[in-house]
Asks: 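Have a look at this one before I ask anything.
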Amino acid sequence: MPDTTAYDAIIGLRCLICGAEYAPDEVRYVCPHHGNEGILDVRYDYATLAARTDRNALGEQRSMWRYLPLLPVAEPRFIPSLDVGWTPLYRAARLGNALGLPHLWVKDDGRNPTASFKDRASALAVVKARELGEQVITTASSGNAAAALAGMAASAGLESVIFVPASAPQAKIAQLLIYGATVVLVEGTYDQAFDLCIEAANRRGWYCRNTAYNPYMTEGKKTAAYEIAEQLGWDAPDRVFVAVGDGCIIGGLHKGFADLLALGWIEHMPRLMGVQAEGSAALYEAWRRGTDEVTPITPHTIADSISVGLPRDRLKALRAVRETGGAFIAVSDEEILAAMRDLARLTGVFAEPAAAAALAGLRRALADGQVHPDERVVVLVTGNGLKDIPAAMRAVEGEGKAVRLPPTLEALEAWLARSTA
Ligand SMILES: *Cc1c(COP(=O)(O)O)cnc(C)c1O
Ligand SMILES: [Zn+2]
């Protein structure tokens, strides 16, 4: 099936609020009747896709583009050359032992080209910009989406203009600068950067990748669900734990598993478990109250990638959890730092704080009796630990095993004798 895509099987882009449906060339981002809130969902004719696509004939490509037959790409020649996706799904036996979960896997999306899950969406954004003939692409981001877009733009020869909070971690800002992006360090929150980016894009005609504004970001993110299913031999897991900020990743996982269910490629929907930081838990609170009305908060957490005052993809995120029988969970920064340590020590996977929150959420869910020991569970690690060195140093504060010594065997032996005594 080389170069077949799902573009011609798109029924329409449907507004989450009013249900109005648009052809792909009729709207650029959102439903015109609902301003920036009118997020669109790309809908497909599954009968057509099922008839011409075979899960056993996806080809050899070891990237998210192995699923091109299920992706809304009009021009495959615009796909950037960096290898995004097809990240490893590790069986986590030692971590599983420690948790009393024999069937546990860790999917390491920190292995993507710019070291986070966001590459999946940014790769598709670059394709869409090039299909429209745009030269400049922009996004607002807490850091990782920005780095991902800057990297994908560099790979495709596009210019990028990036809006990040001035407080974003240094490593993420360094990524932007090294990829040659124009970087606007917004003296304000991510939420303010988000609005400024949309205004600038509309004024200047730049192509805007903003999460929960550009309808194709969910479509890029859904590829992680496809991979989890395929890597488990098309036997979907019982639960997936994932960190949630804006809610686009969890919405993307929902979309991906829903696609596979509609195609008959998997037999059940995993329960999606959205993990938020206690200091940034607007979705958790709305879910607990059983409402779609999300109350904005002033976020405060060490997990910068999920530090969001008003989650932009809240409808998709709440739907993902409710419709799959999952749950939202809130974890403290202390639990996140402990999860960073334990994930690294028991699996060898080094996660940034937001990514480690997924494991902290699994721990909470186990403690609360929400997960049965026989369940098959996947923890999705969304970003690499090297993205935030100060957080990693905090995670080992007071209990790391470093010692400063002169370069002699005597000094080493003396210290070892003392420390093991
Ligand atoms: C963006 C991000 C998340 C959260 O994704 P949302 O779509 O905002 O919910 C989680 N972890 C990492 C590392 C991220 O970069
Ligand atoms: Zn609408």
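Atoms within a ligand are numbered from 1 in the order they appear, just like the ligands themselves. This structure is a prediction, so every number in the text was calculated from the model and none was measured.
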Asks: Are Tyr29 and Tyr207 close enough that their ring centres sit under 6.0 Å apart?
Replies: yes
Asks: Can you sort out which atoms of ligand 1 are near Cys248, meaning under 4.0 Å from one of its heavy atoms?
Replies: 6 (P), 7 (O), 9 (O)
Asks: Considering only heavy atoms of Thr382, which atoms of ligand 1 have at least one such atom less than 4.0 Å away?
Replies: 10 (C), 11 (N), 12 (C), 13 (C)
Asks: Between Ile306 and ligand 1, which part of the residue brings a heavy atom under 4.0 Å of the ligand: side chain, backbone, both or neither?
Replies: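 Side chain only; the backbone of Ile306 stays clear of ligand 1.
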Asks: Given Asp292, which partner from the list Arg322, Lys316, Arg319 fulfils the salt bridge (Lys or Arg N to Asp or Glu O under 4.0 Å) test?
Replies: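 Passing option: Arg322.
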Asks: Taking NZ, NE, NH1 and NH2 as the nitrogens, is one of them in Glu227 or Lys107 under 4.0 Å from a carboxylate oxygen of the other?
Replies: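 Yes.
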Asks: Against heavy atoms of Asp246, which atoms of ligand 1 measure under 4.0 Å?
Replies: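 Result: 6 (P), 8 (O), 9 (O).
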Asks: Within ligand 1, which atoms have a heavy atom of Lys118 less than 4.0 Å away?
Replies: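 Near Lys118, meaning under 4.0 Å from one of its heavy atoms, ligand 1 has 1 (C), 2 (C), 3 (C), 5 (O), 14 (C), 15 (O).
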Asks: Between the side chains of Glu37 and Arg314, is the shortest nitrogen-to-carboxylate-oxygen separation below 4.0 Å, so that they form an ion pair?
Replies: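 Yes.
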Asks: Looking only at heavy atoms of Ser116, does any of them come nearer than 4.0 Å to an atom of ligand 1?
Replies: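 So Ser116 does not count as touching ligand 1.
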Asks: Which atoms of ligand 1 have any heavy atom of Ala243 under 4.0 Å away?
Replies: 4 (C), 10 (C)
Asks: Tell me which one of Ile249, Asp304, Thr211 gets a heavy atom nearest to atom 5 (O) of ligand 1.
Replies: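 The residue whose heavy atom sits nearest atom 5 (O) of ligand 1 is Ile249.
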Asks: According to the interplanar angle, ranging from 0 to 90°, do the rings of Phe194 and Tyr190 count as parallel (below 30°), tilted (30 to 60°) or perpendicular (above 60°)?
Replies: perpendicular
Asks: Using a 4.0 Å cutoff against the non-hydrogen atoms of Gly247, which atoms of ligand 1 qualify?
Replies: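 Every atom of ligand 1 under 4.0 Å from some heavy atom of Gly247: 6 (P), 7 (O), 8 (O), 9 (O).
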Asks: Below 2.8 Å, can you find an N, O or S atom of Cys15 next to the Zn ion (ligand 2)?
Replies: yes
Asks: List every atom of ligand 1 that sits less than 4.0 Å from any heavy atom of Ala354, numbering the atoms from 1 in the order shown and giving each element.
Replies: 11 (N)
Asks: Check this for me, if you would: do Glu134 and Arg28 make a salt bridge, where the nitrogen-to-carboxylate-oxygen distance has to be below 4.0 angstrom?
Replies: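 Counted as a salt bridge, because a side-chain N and a carboxylate O are separated by less than 4.0 Å.
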Asks: Salt-bridge test for Glu21 and Arg43: reply yes if a basic N is under 4.0 Å from a carboxylate O, no otherwise.
Replies: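 So Glu21 pairs with Arg43 through a salt bridge.
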Asks: Looking at the Zn ion (ligand 2), which N/O/S atom of His34 is the nearest one?
Replies: ND1
Asks: Within 45 degrees of the axis of the six-membered ring of Tyr22 and under 6.0 Å from its centre: does Arg14 put its NZ or CZ there?
Replies: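 No - Arg14 does not lie over the ring of Tyr22 by the 6.0 Å and 45° rule.
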Asks: Quick check on ring-ring contact (aromatic ring centres under 6.0 Å, His included): which of Tyr67, Trp65, Trp234 does Tyr226 satisfy it with?
Replies: Tyr67
Asks: What atoms of ligand 1 come within less than 4.0 Å of a heavy atom belonging to Asn144?
Replies: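 It comes down to these atoms of ligand 1: 13 (C), 14 (C), 15 (O).
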